[in-house]
Structures are given as C-alpha cells and as structure tokens.
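Read the numbers this way: they start at 1 and go in the same order the structure lists the ligands and their atoms. As the structure is a computational prediction, the values presented were derived from the model and not from experiment.
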Amino acid sequence: MTASEIRPLTAVRSFPSDFLWGAATAAYQIEGAAREGGRTPSIWDTFSHTPGKVFAGHTGDVAVDHYHRFRDDVRLMTELGLGAYRFSVSWSRVQPTGRGPVAQQGLDFYRRLVDELLAAGIEPALTLYHWDLPQELEDAGGWPERPTAERFAEYAGLVADALGDRVKYWTTLNEPWCSAFLGYGSGVHAPGRTEPVAALRAAHHLNLGHGLAVQALRAALPGGCQLAVSLNLHEVRPLTPSPEDREAARRIDAVGNRVWLGPMLEGAYPEDLFADTAHLTGWSFVQNGDTATIHQPLDLLAVNYYTPTVVSHVSHIAKGAEKPRDDGHGNSEHSPWPGAGDVAFHRAPGERTAMGWPVDPSALYDLLTRTASRYPGMPLVISENGAAYEDEAGPDGTVHDPERAAYVHAHLDAVHRAIAAGVDVRGYFLWSLLDNFEWAYGYGKRFGAIHVDYDSLERTPKSSAHWYARVARTGELHPPGNV
Ligand code: FCB
C-alpha cells in the first residue's frame with residue numbers, strides 16, 4: 001500500500017488559516033503585446049519565430065492578451081477566491097537591452113497590475129525570471145557567460161526599487177533546470193542550443209545570478225519581504241531497487257536537484273556531480289567565492305511539481321524496445337541531462353494528463369517530506385502544480401473538467417498530509433490561472449483553471465475553477481464530486 005492510499009479522499013480537510021491560495025502564470029505565456037511599450041525581443045520571441053521550434057508555429061505575440069486585459073483578469077481572480085497571484089516580469093519589457101536604464105512604460109504595467117491586485121485584496125508574488133532572457137544578452141553569450149548573472153542582479157535591483165514598496169513575495173528564478181538543460185542542453189526550449197558544456201556553465205551562472213540577485217533584493221527591499229527561488233525538484237524513483245537503477249536515480253538527483261540545492265542551500269556543489277560530468281568539463285568557470293555568493297539565506301523554498309521521474313539504467317528496458325525518450329518539456333535526440341547518458345526514463349502505467357505525465361500525488365508527499373527533513377526550518381510553498389487536459393467548451397459554453405479538479409484535489413490532499421506530518425507548507429499556486437502558451441507545445445496544451453478561446457480571447461472559468469474557488473475561500477478541501 002502506498003502512502004497515498006492510506007487515507008480515503010472523501011473527508012474534508014482544513015488548511016491553516018494563513019495558507020496562501022493562489023494561481024500562477026508567466027509573462028511570455030500570457031501577456032502578448034510583444035512589441036509594445038518599448039519591449040524588445042526575448043529569446044522566446046526569437047525561438048518561437050524560428051520555424052520548427054514550437055508546435056504549429058505558435059508564438060507569444062498575442063498570447064492571451066493579458067497586457068491589455070489584466071484588469072478583467074484580476075476580476076476573474078477575485079471570482080476564483082484567490083488570496084495570492086504569482087506572475088513573472090518580462091525582463092525585456094522593463095529593461096529592454098538587458099542592461100542600463102529601465103523602460104518606464106514597462107515598469108508602469110507591473111505597477112498597475114500590482115495596484116489592481118492589492119486593491120482586490122490579492123497578494124502579489126513576483127517572479128523575476130521565467131525563461132525570457134533579453135535577446136541582446138543571449139547574443140552576448142547568454143547564461144553560459146558570467147556577465148549574464150551580473151546583469152540579472154542589476155535587473156533584480158531595478159524591479160525591487162520600483163515595486164518593493166508593494167510586493168512582499170519575491171522569487172528570483174523559475175525552474176533554472178529548464179533554462180539550463182532544456183535551453184542549452186536538449187534545445188527544446190529557447191535559445192535552442194544543444195551544447196552540454198554550455199548547459200552546465202548556464203546552470204552555474206543561473207545559480208550565481210540567483211545569489212547576486214538575492215543580495216540586490218535584500219539591499220533594495222524593505223524588511224519583511226519573503227525571498228524565494230522556484231525549483232522543479234524531481235522526485236526521482238529508481239525503476240527497481242537494483243544497484244544500477246539506484247545509480248541512475250543518484251545521477252538524475254545530482255544534475256536535476258542537487259545542482260541547485262547544493263550551492264543555494266548548502267554552499268557547495270555536490271562532488272558526485274563533478275565526477276559524473278568530469279569527461280565534459282572541469283568546472284573551472286566556478287570561481288573562488290562563487291558558492292558563498294550563491295548560498296544566501298532564503299525565506300521560502302518554492303517547489304513546482306507535476307509528476308515523478310522514474311529512471312533505470314538503460315539496460316533495464318525490454319530487449320528490442322525503443323529506449324524511452326528523455327523526459328522534460330518535449331522530446332529530443334539530445335539529452336537534457338549531462339553526465340547521465342546511461343539513464344532511461346520511464347512513465348508509469350495508469351492515469352496520465354494530456355502531457356502524457358503520470359498522475360501520482362504520493363510523489364508530491366514524498367518530495368515535501370524529504371525536502372523538509374533535509375532542510376529543517378525552511379518553509380516550503382508549492383509555486384506550481386496542475387495538469388493539462390483536452391478541455392472543450394460544451395454547446396452551452398461551459399467547460400467541464402472533472403479530471404483537473406480530481407488532480408488538484410488529490411495533490412492538495414498530499415499537501416495536507418505533508419502538513420499533518422509536520423512539514424511547514426505555506427501556500428499552493430495552481431498552474432495555471434488561464435490557458436496559455438505552453439512553450440514548445442504552443443497553445444496545444446491547456447493548463448488553465450480558466451478556459452481561453454484563442455480566437456475571441458474570451459475567458460470562461462472551467463468547472464474546476466468553481467470548485468477551487470470554494471476551497472480557496474473556505475480553506476477547506478472537500479472532494480470535487482462531479483464538478
Ligand atoms: C513548468 C513551467 C510553467 C508551465 C508548467 C506546465 O515547468 O514553469 O511555465 O510550463 O511547467
């Protein structure tokens with residue numbers, strides 16, 4: 001019996017009264033207005049406009065036009081009973097060249113958004129970087145180059161100067177694993193480079209950028225602000241208990257999790273990661289003092305979780321079967337996991353989302369309890385969790401998505417169990433508020449609590465949104481039934 005089967009899912013569970021109930025988005029996925037207000041291209045504009053990179057040639061040029069409709073969207077958040085809203089700032093909107101002076105118009109957009117949220121009683125939670133590096137900085141070498149980390153800290157300081165008086169929750173990076181290893185390793189994300197050494201260099205400079213940005217934020221923000229980083233921690237499970245499969249899991253844990261957690265929370269890179277990647281690089285780009293810079297005190301560790309990562313040694317796949325593809329956002333011939341060439345990825349049988357990701361809330365429970373026991377005293381927040389399904393509006397215009405409600409319910413139950421086991425979890429942000437541009441999948445995958453008609457841009461809360469609104473308003477998790 002797995003841990004998740006121990007409790008029936010029928011009971012009502014109460015969450016702490018100060019628990020943050022939120023939903024999340026990211027700038028490039030929703031804003032549109034790609035050429036307005038002085039915004040310059042980011043790597044995602046360039047990438048999405050490159051033929052063959054994104055499903056059906058979709059781009060974020062218009063996205064769901066949140067830039068022009070943010071007031072309506074905040075109204076919808078109120079209908080959803082949200083206590084908090086996580087969004088990201090488009091770097092090239094507020095600092096178009098990635099260096100030097102700010103574009104006031106760009107900053108003003110975020111000021112207006114934040115003011116609207118505060119007026120609605122919704123706590124803004126700001127992410128500085130959700131993958132949209134200004135193209136000019138990529139042209140200068142991008143994250144594999146050290147100056148990008150320094151630019152990032154300057155940008156963090158500028159945004160903090162502008163919004164520090166009204167935003168309490170600050171996140172430096174969203175899922176740096178994707179930026180480094182999908183952006184520069186497998187190339188399925190912008191900027192689409194397939195250079196394993198560059199991916200490792202990018203990982204280090206993202207870490208360094210995080211540390212420098214935390215220093216800049218602490219200098220600029222008033223006391224009481226909560227600083228975090230959002231990591232897509234992989235709950236890595238070996239396919240079998242064999243030593244080879246456990247070794248595969250160790251490698252993925254090193255290059256998926258400990259590459260961030262080590263320097264950020266413990267002040268050192270894991271030695272086994274250096275050994276695993278020694279054939280690629282000697283890591284001489286890590287300079288004296290860097291790990292101390294990266295190791296800044298944080299107020300929260302934010303975790304994004306969707307599905308577990310099940311791995312084996314490549315030899316542990318049926319003879320003659322095709323090697324399971326690398327996991328991550330998309331498939332690729334290139335591995336996003338440097339130093340883990342002998343690892344195969346598996347998807348457990350059973351229920352899956354429209355992304356093909358197995359549904360397994362027990363892995364969220366395991367992830368939270370394991371992370372809490374490794375970092376006692378570090379409060380956690382779920383900064384993303386949710387699922388894509390094939391949602392369609394019915395003839396009466398309503399959108400019925402019972403699978404999403406069931407997914408969120410089961411994962412919130414796992415969060416509740418973790419809290420009951422003593423884990424300090426402060427909040428939950430549903431991914432996503434709205435259907436949006438799902439990176440390499442374009443508009444082909446719908447994660448929203450709110451349905452968006454991509455022709456009219458009309459918004460319709462799905463049935464799961466009505467259910468989630470009741471949970472968020474009452475702090476009581478009750479079974480969705482046939483929502
Ligand atoms: C996460 C990303 C988010 C969205 C979800 C589905 O990895 O942070 O932007 O794409 O996955």
(Q) Considering both backbone and side-chain atoms of Gln29, is one of its nitrogen or oxygen atoms within less than 3.5 Å of a nitrogen or oxygen in ligand 1? (A) yes
Q: Give the ring-plane orientation class for Phe437 versus Trp439, where under 30° counts as parallel, over 60° as perpendicular and anything between as tilted.
A: perpendicular
**Q.** Distance-only side-chain donor-acceptor flag, Asp299 / Gln226, under 3.5 Å
**A.** no
Q: Mind jotting down which residue pairs meet the salt bridge (Lys or Arg N to Asp or Glu O under 4.0 Å) criterion with at least one end in residues 46-62? Sequence neighbours excluded, please.
A: Arg35-Asp61
Q | Interfacing atoms of ligand 1 (cut-off 4.0 Å, heavy-atom, Trp439) | A | 3 (C), 4 (C), 9 (O), 10 (O)
Q: Pull out every atom of ligand 1 sitting under 4.0 Å from any heavy atom of Asn174, numbered as shown with elements.
A: 8 (O)
Q.
Please check this pair: side chain of Asp401 against backbone of Glu403, looking for a donor-acceptor N/O pair closer than 3.5 Å.
A. no
Q: Pick whichever of Glu438, Met355, His130, Glu384 has a heavy atom sitting closest to atom 10 (O) of ligand 1.
A: Glu438
Q. Residues in side-chain hydrogen bond (donor to acceptor under 3.5 Å, both in side chains) with Trp44, at least two apart?
A. none
Q) Nearest heavy atom to atom 5 (C) of ligand 1: which of Phe447, Tyr28, Tyr306 does it belong to? A) Tyr306
